[in-house]
Protein chains: 2
Amino acid sequence: MRHATITDIAKKLGISASTVSRALSDHPDIKEETKKRVKKLAKEFNYKPNPIAQSLKNNRTTIIGVIVPEIQHDFFASAISGIEEVAYHAGYTIIVCQSNENFEREVVNTNVLIQQRVAGIVASISQTTKNSDHFKSAIARGIPLVFFDRACEDVAASKVIIDDSNSAFNAVNYLIKKGYKKIAHLAGPKALEICKRRLAGYNNALNKAHISIDKDLICYGGLHETDGYNSMDSLIKKKIIPDAVFAVNDPVAIGAFQRIKEAGLKIPGDIGIVGFSNNKITTLVDPTLTTIDQPSFEMGKKAAEILIELIENEKKSAKPKTVTLETKLIIRGST
Amino acid sequence: MRHATITDIAKKLGISASTVSRALSDHPDIKEETKKRVKKLAKEFNYKPNPIAQSLKNNRTTIIGVIVPEIQHDFFASAISGIEEVAYHAGYTIIVCQSNENFEREVVNTNVLIQQRVAGIVASISQTTKNSDHFKSAIARGIPLVFFDRACEDVAASKVIIDDSNSAFNAVNYLIKKGYKKIAHLAGPKALEICKRRLAGYNNALNKAHISIDKDLICYGGLHETDGYNSMDSLIKKKIIPDAVFAVNDPVAIGAFQRIKEAGLKIPGDIGIVGFSNNKITTLVDPTLTTIDQPSFEMGKKAAEILIELIENEKKSAKPKTVTLETKLIIRGST
DNA sequence: TCATTTCCTGCAAACGTTTGCGAATACGTT
DNA sequence: AACGTATTCGCAAACGTTTGCAGGAAATGA
C-alpha cells in the first residue's frame, strides 16, 4: 500500500498541490469551501504529511536524540522513559543511543544524530568523556542540547541535575547524627563531576562534625555492583572495618552490602549503609537500603521539556538554564 | 555551520552534482582521476550524505523502530540494549517507543513509525493488544517486522522467543523432584500468550507427576512486584499456604517473596520460590532467587539481526522464521 | 572520410513538501 | 468605461540526492 500524497489529493480535486498544502494548514488565502473539500478528501485518503519531505525543507526532523551511558542501568532506563513520555505527547519520537561509557562511541553517536538532523539532543555523558567538541559542534549546527545528571561543564547548554554535594552531605550528616563515626565512602570514577561532588559532600559533612578525613576510608571504583563488592572486599582485606558506608550509588551500595553479608557482619548492626539514587532494588533487599531519592523519571521529563521549549521557541537567545531537582534522604533498614 | 552538500563539491570542482554522486559511490562510468578529486574534496569538506534526502528518494530511512511495553522493565531495557548494539554496528539508529501496556498507544506508536518510514520494526506487544491490524498495516507497507518475547500469533512475522511452556515445565518439575508438593502458580494476565504457556508448563509438570491441579493455587495478576505481593497476600489471607511458588516472572516472584517474609515464613524452609527471567535483582535478594534464565540481551540482538537481514535482503519472499532461544534453570537459594 | 564504439559527463526528473510571487476573477468605486 | 482592491489560486523554485537517458569527445575500424 502506498502513502497518499498531497498531489494525489490535488489531482483528484483538480487543484494544485500548493492549494492543498495551504488548505491543510488553514492558510487565510484559501476559501472555506476549498478547505472543506480538501480536508474531507485528506481524511478519506488517510493522508498524513510525509515527515521526510518536511524535514528536507526545514533541514530538521521531529526526532529527539538521546545519548546515555547504558540503557540497562536503572537510572537511565527510567530517565529515558520520562523523556519518551514527554516527547510522545509533544509529537516527537526519540532515537536512543548508548555510549557504553566509551568516549569515542559517544562522539560517533553525537555525529550520527547531527547527521540525522535531530531536532535536539538530550545527553548524559560517559565516564571517559575527554572533551566536548562533539557537543559544541551540535550546538554550532543549531541543534539545542540539554544535559541531565552528568553534564559537560564547559558547554553552554541547559542541564537538569541534582545537588550532588548537598545530597551527599545530608546523607553523611545523617549517619553522623545517628552515631556512626568511622564512615567509609565508596566513591565513583574520579573523572565524573557528579562523583567528585558527592565526595565533596562527604568531606564537608565530616569536616562540619570535626571528624578528620581518613584517606584509607575512601575507595575509588566504578559504578556497578562488582565495584562496590571489590571496594568493600579490599577494605575488609586491609582489616579496615568502617561502621558505616556511604556509596556513590545504589548498585555500588548493593555490592558492598553483599560483601558485608558474606563477611558475616550485620547490617545495620555492625555496618550501616547508605546508597544513592533510590533504585527499585533498594526496597527489595533485606534489610532495605537507606538511600537518596534521585527523581530519575522526572529528570528525564524535565530535560525533555526544556529541550522541546528550546526547539520550538525560536528565540535561541535564551540563556542556558540549570534546573536542580530536589532529592530526599529515604531512611530504611540499612542504617 | 552548514552541512556540506554534493552541490558544494560540484561547484568547487566545476562539475555536475550527478558526477559527484556517482564518483562517491564508485560508479564505473566515472574516470579514476575525477573520483580521486571528488573524494579528496569530500573529505576536506567533511561531506556526509544527507540521510533525509536519501530517505526521500528511497522512501525509507535507516532507522529501526522499537516498540516495548515499558522501557524501565529490566527485561525490556536489556533487550533494547541488545537491539541498539546490533543496530549501531550495522549503521542503523533506533527509535524507541513504549506502549505502557496500552493497546491504543501501541497502535499510535506503530502508525508513527510507519509514517516516519522506519526501515523495520521490532516489537513486543502489550498486555491489552486486542488485534493486530496496525502490525499488518506495517507489513502491507513493506516494512519488515520482528517480534520478540511477546508476539501476535496471527501476524506473518518472524519472532524471537523462548519455549515458555517447556521452561516452566522444567522449573516446576524441578520443584517436584525437590520434594515440594503444594506448588502455587502466580500467573500473569490471561491475555498474554507467554503467560498462558507458562501456566501450561506448570500444569504439564503437575500432570506428569500425577499431582492434581488445584485452582485455588493459581492466582492471576499482573507482572509487577505489587501483583506478586497481592497474590501472595490473598493466598495467605485465605489460609492457603503452599510449600512452593512458581511465579510468572521475577518481579512477581520478588513481590511474593516480600509478602512471605512479612508473614514470618522462611524461604526456602517454609516456602520455596522460583521466578522467571533471571533479572539482575534475583542475585541481590536474600536468599538469592532460583529462576529461569531468559537471555534478554541476546533476544534483542537476535531480533535486530533478523530484522536487518530482512531489510537488506530484498528477497522479501523469505518465510517468517521463529527462533527459539535456550533458557536455563538457575538454582539458587530460594529453593 | 565517415560510421561506430567507448568513455566520460551533464541534463533533467523524481521523491513530497512549502512558499514567494504573480495572476486571474469578481466586485465596488470614480 | 476605467481603475483599484480584495479574494483566491497556481507556477515554480527550493531542500539534497539518485538515476535514466542523451550527448560530446576521443578512439577505433572500414
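To find a chain, count down the sequence lines: A is the first, B the second, and so on, and within it residues start at 1.
- Distance, B/Lys48 NZ to D/dG16 P: 16 Å, rounded to whole Å.
- Distances shown here put a side-chain N or O of B/Ser16 below 4.0 Å from the OP1 or OP2 atom of C/dG10.
- Spacing between atom NE2 of A/His27 and atom C1' of D/dC9 amounts to 11 Å, rounded to whole angstrom units.
- Contact record, A/Arg2 with B/Arg141: O-NH2, 3.5 Å, taken as the closest heavy-atom pair.
- Close to C/dT18, at under 4.0 Å from its OP1 or OP2, lies a side-chain N or O of A/Gln54.
- Applying the 6.0 Å contact sphere to NZ of B/Lys12 captures no more than 12 heavy atoms from other residues, nucleotides or ligands.
- Distance CG (A/Leu24) to P (D/dC9): 13 Å, rounded to an integer number of Å.
- Per the geometry, CD1 belonging to A/Ile52 stands 11 Å off P belonging to C/dT17, to the nearest Å.
- Axis angle across the helix from C/dT1-D/dA30 to C/dT30-D/dA1, with five pairs used at each end and values rounded to 10°: 80°.
- For B/Ile15, taking side-chain heavy atoms from C-beta onward, the closest of the listed nucleotides C/dG10, C/dT17, D/dT18 is C/dG10.
- Salt bridge B/Lys159/B/Glu193: absent, no basic N to carboxylate O contact under 4.0 Å.
- A/Phe103 meets the ring-ring contact (aromatic ring centres under 6.0 Å, His included) test with A/His134; sequence neighbours excluded.
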Short heteroatom pairs, N/O only, protein and nucleotides 12-15 of chain C, under 3.5 Å:
| unit_1 | atom_1 | unit_2 | atom_2 | d |
| --- | --- | --- | --- | --- |
| C/dA14 | N3 | B/Lys57 | NZ | 3.1 |

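- Note: NZ (B/Lys11) to P (D/dG16) measures 10 Å, nearest angstrom.
- No hydrogens or angles considered: nothing links the side chains of A/Asp149 and A/Ser124 as a donor-acceptor pair under 3.5 Å.
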Might you list the N or O atoms of the protein lying below 3.5 Å from N or O atoms in nucleotides 5-8 of chain C, with each pair's distance?
none

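- In this structure, the CZ atom of A/Arg22 is 13 Å from the C1' atom of D/dT7, given to the nearest Å.
- In this structure, the side chains of A/Arg150 and A/Thr129 stay at 4.5 Å or more apart for every pair of heavy atoms.
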Donor-acceptor pairs under 3.5 Å, side chain of residues 297-307 of chain B to any protein atom, not counting sequence neighbours: which ones?
none

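- One atom, CD1 of B/Ile6, and another, P of C/dG10, lie 13 Å apart when rounded to the nearest Å.
- Atom CD1 of B/Ile9 is separated from atom P of C/dG10 by 14 Å (rounded to the nearest Å).
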(message) Please determine whether side-chain contact (heavy atoms from CB on, under 4.5 Å) holds for the pair B/Val20 and B/Leu13, giving the CA-CA distance in whole Å, both sets of side-chain angles, and the decisive distance to 0.1 Å.
(response) CA-CA 9 Å; B/Val20 174; B/Leu13 255 38; 5.6 Å; no
Under 3.5 Å, which donor-acceptor pairs do the side chains of residues 31-39 of chain B form with other protein atoms, sequence neighbours left out?
| unit_1 | atom_1 | unit_2 | atom_2 | d |
| --- | --- | --- | --- | --- |
| B/Lys35 | NZ | B/His27 | O | 3.2 |
| B/Lys39 | NZ | B/Asp26 | OD1 | 3.0 |
| B/Lys39 | NZ | B/Asp26 | OD2 | 3.3 |

